[in-house]
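Let me begin by presenting the structure, written as structure tokens, before commenting on it.
We name chains A, B, ... by the order of the sequence lines, and we start the count at 1 in each one. Quick caveat: nothing in here was measured; it's all calculated off a predicted structure.
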Amino acid sequence: MSLGNNSEFGFGQKSENRFNCPSPVISSSQQFENYSETTMTAESLFFAGWDSLISSDSNHQTNQSSYDALTLESQRISDISHLVQCPSGAGFNKLDQRLSCLESGSYVDTMAPLGGCKEANHEATNQEESLPISKDEIPGQSINAKKRKMKPEGSTVDSRSQFDSTQGVNVEEQKDISLAGKEGLKEKDDKKHKSEQSSVARAQKVTTKQAKDLSQNSDSSKDGYIHVRARRGQATNSHSLAERVRREKISERMKFLQDLVPGCNKITGKAVMLDEIINYVQSLQRQVEFLSMKLATVNPELNFDIERILSKDILHSQGGGSSIFGFCQGMTASHPHLNGFQQRTMQSDNSIHNIQNSANLLKATNMQFCSLPQVRSVWDNELQSVVQMGFVSNAPPDILDMHGQMK
Amino acid sequence: MPNIRTIKTTQEAKTTTFSSYSSSFPMQPMHLSAETPTSLKTMFALRFLRAYSKINRYKSPSCLSSSSSSSSIVRRCKRIKLAAYASMARAVGPKRAWSRALLHKVLHRTRLHQSVTRPKVSGAGNGVAGGAINRTDKLRRLVPGGERMDFCSLLGETANYIQCLTAQVHVMEGIADSLPPQAWF
């Protein structure tokens with residue numbers, strides 16, 4: 001109930017504005033307004049429900065209906081108000097049975113008969129047919145309302161008598177109500193709670209919808225939260241999350257490039273970094289060009305050993321030991337072993353656990369190398385450096401993969 | 001001394017022809033594609049030296065007389081550079097986008113230098129406008145296959161490309177230094 005009132009609160013103001021419109025029942029409407037203001041704020045919410053339901057109806061009818069709603073509310077406050085409910089129309093009798101469950105207080109049950117709105121509209125049309133009567137009643141109602149305001153308990157007889165004169169069936173019911181006491185009051189509550197029902201049902205609808213939306217939103221946000229966590233103050237939108245991940249990736253790769261490009265450690269600007277990277281790549285490409293030119297000028301008649309140069313290359317990259325070999329004639333004879341060794345090193349890159357085995361195999365296979373202990377140490381160093389570089393170079397792709405998974 | 005060497009080179013010729021074919025066709029399994037820089041160096045050195053010796057042998061019978069002419073040297077230079085790039089791309093393997101693009105360029109005889117030399121021309125014009133976009137465009141043209149990359153992957157490919165280029169330069173310098181002094185004209 002409280003939820004429904006909250007959701008319908010905005011309509012209450014609308015209904016008040018509506019009451020200000022020129023209508024034959026201005027005085028009564030004003031009185032109703034006053035009543036609503038004085039009694040409960042929740043009642044204005046019921047006004048809203050009726051307004052939304054019977055938007056096509058005249059102000060008079062809306063006033064009536066709202067008044068009914070008010071009476072419904074007032075029933076809870078005081079039993080007198082039930083008598084006032086009667087003039088609202090004969091159509092309420094039909095709805096009594098259906099809406100009897102309303103007073104039970106379980107709003108879940110009220111959720112089911114959403115057709116109550118239509119019924120309420122039918123009632124409104126029925127009320128249109130009984131417009132003259134209701135008009136006649138209105139002053140009485142207003143009086144009753146006034147009386148209720150003034151003395152809520154004592155006005156029961158007056159309102160009864162007035163309503164008896166105007167309506168027949170309802171009067172009987174009213175009598176029953178007065179006799180039956182609270183039970184009958186409850187029944188009539190149900191009658192006029194139709195409006196309540198509809199409004200409440202709608203309010204519940206709205207609330208449930210809101211709840212569903214909230215749950216959905218929470219689910220969607222949960223989906224986002226699963227992969228990427230936004231810190232406090234950061235946007236949780238999916239786009240912003242993806243953008244943040246992308247930016248982190250870019251910054252990380254920039255850092256990696258910073259380590260690669262010499263003289264780029266102290267540069268912080270991205271544009272300058274890019275310039276440096278471009279210059280470095282260009283210089284490297286030019287170096288390759290220059291070196292290929294240099295190699296092209298080598299006398300093509302001269303044939304040389306690949307393996308010797310290869311070993312020299314590796315040793316050269318190692319930063320020393322190139323002078324050890326010089327022209328080692330045994331190297332060329334042992335080139336199949338060398339090839340095997342190189343393949344073994346490559347395999348050791350893939351499986352780092354086989355380092356010692358490959359090293360032993362190297363020692364076993366290359367007998368020429370065994371004659372030179374320095375050479376063997378150099379090769380071992382090479383192997384170790386291979387393994388180390390394998391670790392170093394394997395680290396960044398792992399990081400990238402992690403980011404891909406994060407994405 | 002030269003006699004022994006020629007004998008050995010004829011011995012090598014068979015292996016080099018086979019290896020050069022294997023370098024032109026991807027016969028080697030994937031796990032041999034080097035990931036670490038040092039093994040990448042050895043891989044590249046192997047492939048490049050085989051290709052280089054092949055180029056030398058190919059040139060030696062036909063261009064005995066005109067081997068010293070500038071045009072033949074330029075042609076050799078182009079061939080060696082192509083061989084260097086191709087062997088590097090082979091050594092890296094098809095994992096990287098830039099190696100794939102580079103190999104495609106080499107195999108399909110598209111101008112490899114187009115991507116390298118164009119930024120010099122366009123860089124002067126675009127440098128005035130300034131901005132990271134032009135710089136990224138420059139970088140895109142420098143890194144093979146970078147035209148179709150987003151910025152994030154472009155940076156990753158650039159990092160790998162720089163690593164491989166550095167290794168390449170290292171190896172080629174070593175080869176050039178290790179050549180005997182009588183090899184030079």
Side-chain angles (χ1 to χ4, degrees), chain A residues 246 249-250 253-254 256-257 260-261 270-271 274-275 277-278 280-282 284-285 287-289 291-306 308-310 312-314 316-317 322 329 332 335 339 342-343 345-347 349-350 382 385-386 389-390 392-394 396-397 400, chain B residues 5-6 8-9 12 16 31-32 34-39 41-43 45-46 49-50 52-53 56 59-60 63 67 73 76-77 80-81 84 116 119 132 135-136 138-139 142-143 151-152 155-156 158-159 161-163 165-166 168-179 182-185:
Chain A
R246 182 177 158 273
K249 241 190 219 174
I250 285 173
R253 288 178 189 189
M254 276 294 209
F256 186 55
L257 275 169
L260 278 178
V261 179
K270 186 177 158 191
L274 276 176
D275 276 339
I277 290 164
I278 288 164
Y280 188 58
V281 171
Q282 276 181 341
L284 282 173
Q285 284 174 346
Q287 250 178 314
V288 169
E289 206 162 344
L291 283 167
S292 60
M293 182 68 90
K294 195 177 173 185
L295 287 173
T297 55
V298 172
N299 190 2
E301 315 256 346
L302 184 78
N303 292 307
F304 53 89
D305 319 329
I306 291 173
R308 182 181 55 78
I309 291 169
L310 198 65
K312 250 191 167 182
D313 281 332
I314 294 164
H316 182 77
S317 69
S322 61
Q329 297 297 326
T332 53
H335 64 83
N339 287 330
Q342 280 160 359
Q343 285 180 359
T345 54
M346 289 152 202
Q347 287 172 359
D349 291 340
N350 292 325
E382 171 60 25
S385 71
V386 163
M389 293 306 285
V392 171
S393 67
N394 282 333
L400 296 179
Chain B
R5 204 177 285 162
T6 48
K8 276 159 193 168
T9 49
E12 280 175 7
T16 49
H31 70 272
L32 283 182
E35 293 175 359
T36 62
T38 318
S39 67
K41 261 183 195 174
T42 58
M43 286 287 290
L46 254 179
L49 279 174
R50 279 163 187 167
Y52 183 49
S53 62
N56 279 345
K59 277 294 164 187
S60 53
C63 306
S67 65
I73 284 176
R76 279 193 71 206
C77 172
I80 287 166
K81 199 176 65 181
V116 180
R135 290 191 180 95
T136 35
K138 255 196 218 175
L139 197 62
L142 279 176
V143 178
F151 186 65
C152 203
L155 285 181
T158 309
Y161 187 56
I162 284 174
Q163 275 182 328
L165 270 182
T166 323
Q168 191 183 21
V169 167
H170 227 241
V171 167
M172 288 174 82
E173 274 178 350
I175 290 168
D177 290 339
S178 66
L179 286 175
Q182 66 262 27
W184 307 100
F185 290 112

- Check the pair B:F151 / A:R253 against side chain to side chain contact (heavy atoms under 4.5 Å, CB included), numbers first and verdict last. CA-CA 10 Å; B:F151 186 65; A:R253 288 178 189 189; over 6 Å; no

- Query: For B:V169 and A:V288, which heavy atoms make the closest approach, and how far apart are they?
  - Reply: CG2-CG2, 3.7 Å

- Task: Looking only at non-hydrogen atoms, find the nearest pair between A:S292 and B:M172 and report the distance.
- Result: N-CE, 3.7 Å

- Roughly how far, to the nearest 0.5 Å, is CG of A:L284 from CG of B:L142? 10.5 Å

- Message: Quick one, B:Q168 with A:L291, criterion side chain to side chain contact (heavy atoms under 4.5 Å, CB included). Give me CA distance, side-chain angles, the key distance, then yes/no.
- Response: CA-CA 10 Å; B:Q168 191 183 21; A:L291 283 167; over 6 Å; no

- Just do the side chain to side chain contact (heavy atoms under 4.5 Å, CB included) check on A:Q285 and B:Y161 with the steps written out, would you? CA-CA 11 Å; A:Q285 284 174 346; B:Y161 187 56; 2.8 Å; yes

- Note on the structure: Shortest non-hydrogen pair, B:T158 vs A:L257, comes out as C-CD2, 4.1 Å

- Item | Atom of B:R76, atom of A:L295 and distance for their closest heavy-atom approach | NH2-O, 4.0 Å

- Mind checking the CD-CG spacing from A:Q287 to B:L165? Nearest 0.5 Å is all I need. 9.5 Å

- Note on the structure: To the nearest 0.5 Å, atom SG of B:C77 lies from atom NZ of A:K294 at 13.0 Å

- Task: Kindly indicate, with the supporting measurements, whether the criterion side chain to side chain contact (heavy atoms under 4.5 Å, CB included) is fulfilled by A:Y280 and B:T166.
- Result: CA-CA 10 Å; A:Y280 188 58; B:T166 323; 3.9 Å; yes

- Item | Check: B:R135 side chain, A:D275 main-chain N or O, donor-acceptor pair, under 3.5 Å | no

